[in-house]
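To start, the structure itself, in structure tokens.
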Amino acid sequence: SVRNFGDIFGFSASNRLTRPFNLFIKRCIDLGILFLSSPVILPLVVLIAILVKCTSKGKIFYGHKRIGKNGKEITAWKFRSMVVDADKRLQELLEKNPEMKKEWNENQKLEHDPRVTRIGEFLRKTSLDELPQLFNILTGSMSFVGPRPIVENEKKKYGDKFRYIFSVTPGLSGMWQISGRSSTGYEERIMLDTYYLQNWSIWLDIWIILQTCVVVVTRKGAY
């Protein structure tokens, strides 16, 4: 917004998600959506868990260490979509393939990842692998909408914007996810997250959630 600073006009930016009342409203929205969607989500979670267990060796869920609110580490839960020794195989792939190494360094993921299982590929394309993060939302370490939690290696890509963007609870979806996801660069991602923090409203969250449903159905930018 434009402000008058001692007869000098300038721009003022704020973070609307540091206000206690806004945080309370946002938390109520999260819990309300969880409660209303549970009759549909819970049977789906059970079905996917059975498919993951029956189609490949290893655990059903995978807990990935991520950076959350105020830079604190959280465990973001997913359905396991890769082979058991995925981390070991990654190092071998990057050492043998310079193009994959470049792609990994830029995006922290691979579009054609040979470590992904058959059921895992489907789960990723449909974003169903992220359903267990509803548990993160229930416990309060994540929200339905917010900046996406990142890994430690991604912090440097945010530069001096890191503390500002991660002063709030990270989200299952957000402006980045509905704007291209994997096809969107970090500069645009930072711009979108900044816009969200400065312009948050109940209606913006609802709009993002509805747009997320469209993106999931069309699989735009997912891999």
Side-chain angles (χ1 to χ4, degrees), residues 1-5 8-34 64-78 106-109 127 130 133-216 220-222:
S1 59
V2 178
R3 297 286 181 88
N4 185 333
F5 298 95
I8 299 175
F9 286 95
F11 290 100
S12 173
S14 62
N15 183 339
R16 302 195 69 185
L17 284 177
T18 57
R19 302 172 186 175
F21 181 73
N22 289 350
L23 291 174
F24 172 75
I25 294 297
K26 189 171 176 62
R27 182 60 177 160
C28 289
I29 293 173
D30 286 341
L31 295 177
I33 295 174
L34 278 177
H64 199 187
K65 298 301 180 183
R66 297 268 176 163
I67 304 300
K69 185 177 181 178
N70 296 325
K72 294 181 179 179
E73 186 179 83
I74 65 172
T75 301
W77 292 100
K78 290 187 174 186
E106 290 178 353
N107 303 315
Q108 293 296 305
K109 59 170 62 179
S127 298
E130 297 183 354
Q133 287 173 31
L134 295 178
F135 176 76
N136 289 103
I137 296 174
L138 179 64
T139 59
S141 60
M142 288 180 63
S143 175
F144 270 103
V145 182
R148 191 71 181 139
I150 60 173
V151 296
E152 186 69 28
N153 291 339
E154 291 179 280
K155 285 176 64 175
K156 58 181 179 290
K157 296 181 182 292
Y158 284 79
D160 58 1
K161 289 286 187 179
F162 171 78
R163 291 185 64 183
Y164 178 74
I165 291 175
F166 288 92
S167 63
V168 303
T169 304
L172 179 62
S173 184
M175 296 291 291
W176 167 64
Q177 285 86 340
I178 64 173
S179 304
R181 297 174 65 183
S182 300
S183 59
T184 304
Y186 275 93
E187 288 186 8
E188 188 174 357
R189 182 172 173 175
I190 293 169
M191 178 190 70
L192 291 168
D193 285 338
T194 300
Y195 175 88
Y196 174 74
L197 298 185
Q198 294 175 354
N199 296 276
W200 178 86
S201 69
I202 296 173
W203 309 115
L204 181 57
D205 267 11
I206 293 174
W207 180 77
I208 290 174
I209 291 170
L210 293 175
Q211 289 297 311
T212 300
C213 296
V214 174
V215 170
V216 169
K220 181 181 178 183

Check: Would you say the side chains of Trp77 and Asn136 form a donor-acceptor pair under 3.5 Å?
Finding: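 Absent: no donor and acceptor within the cut-off.
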Notebook entry, point to check: Are side-chain N/O atoms of Lys69 and Ser167 paired as donor and acceptor at under 3.5 Å?
Noted result: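 Ser167 and Lys69 do not have a side-chain donor-acceptor pair below 3.5 Å.
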Checklist line | Quiz item: cation-pi between Arg16 and Trp200, 6.0 Å / 45° | finding: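 Checked: cation-pi criterion not met.
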Item checked: Pairwise salt bridge (charged side-chain N to carboxylate O under 4.0 Å, His left out) hits with a residue in residues 192-203, at least two apart ->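 Every candidate salt bridge (charged side-chain N to carboxylate O under 4.0 Å, His left out) pair involving residues 192-203 fails, so no pair, neighbours aside, qualifies.
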Next item on the list: Ignoring hydrogens and angles, tell me if any N or O in the side chain of Arg148 forms a donor-acceptor pair with the backbone of Ser173 under 3.5 Å.
Entry: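 Not at all, since once roles are kept as given, no pair shorter than 3.5 Å links the two residues.
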Next item on the list: Check whether any side-chain N or O of Arg66 sits under 3.5 Å from a backbone N or O of Ala76 as a donor-acceptor pair, and report yes or no.
Entry: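 Checking the backbone N and O of Ala76 against the side chain of Arg66, no donor-acceptor pair under 3.5 Å is found.
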Is there a side-chain contact between [X] and [Y], using heavy atoms and a 4.5 Å cut-off?
| X | Y | answer |
| --- | --- | --- |
| Glu130 | Val216 | no |
| Val215 | Gln177 | no |
| Lys157 | Ile190 | no |
| Ser127 | Thr212 | no |

Notebook entry, point to check: For Phe162, which residues count as a ring pair (Phe, Tyr, Trp, His ring centres under 6.0 Å) partner, sequence neighbours excluded?
Noted result: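 Here the qualifying residues are Phe166.
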Notebook entry, point to check: For atom NZ of Lys72, is the number of surrounding heavy atoms from other residues, nucleotides or ligands below 6.0 Å larger than 12?
Noted result: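 Counting neighbours around NZ of Lys72, 12 or fewer heavy atoms of other residues, nucleotides or ligands fall under 6.0 Å, so no.
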Note to self: I need the single residue from Leu134, Asp205, Ile208 that forms a side-chain contact (heavy atoms from CB on, under 4.5 Å) with Phe144. Which is it?
What the structure shows: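 Considering Leu134, Asp205, Ile208, a side-chain contact (heavy atoms from CB on, under 4.5 Å) with Phe144 is found only for Leu134.
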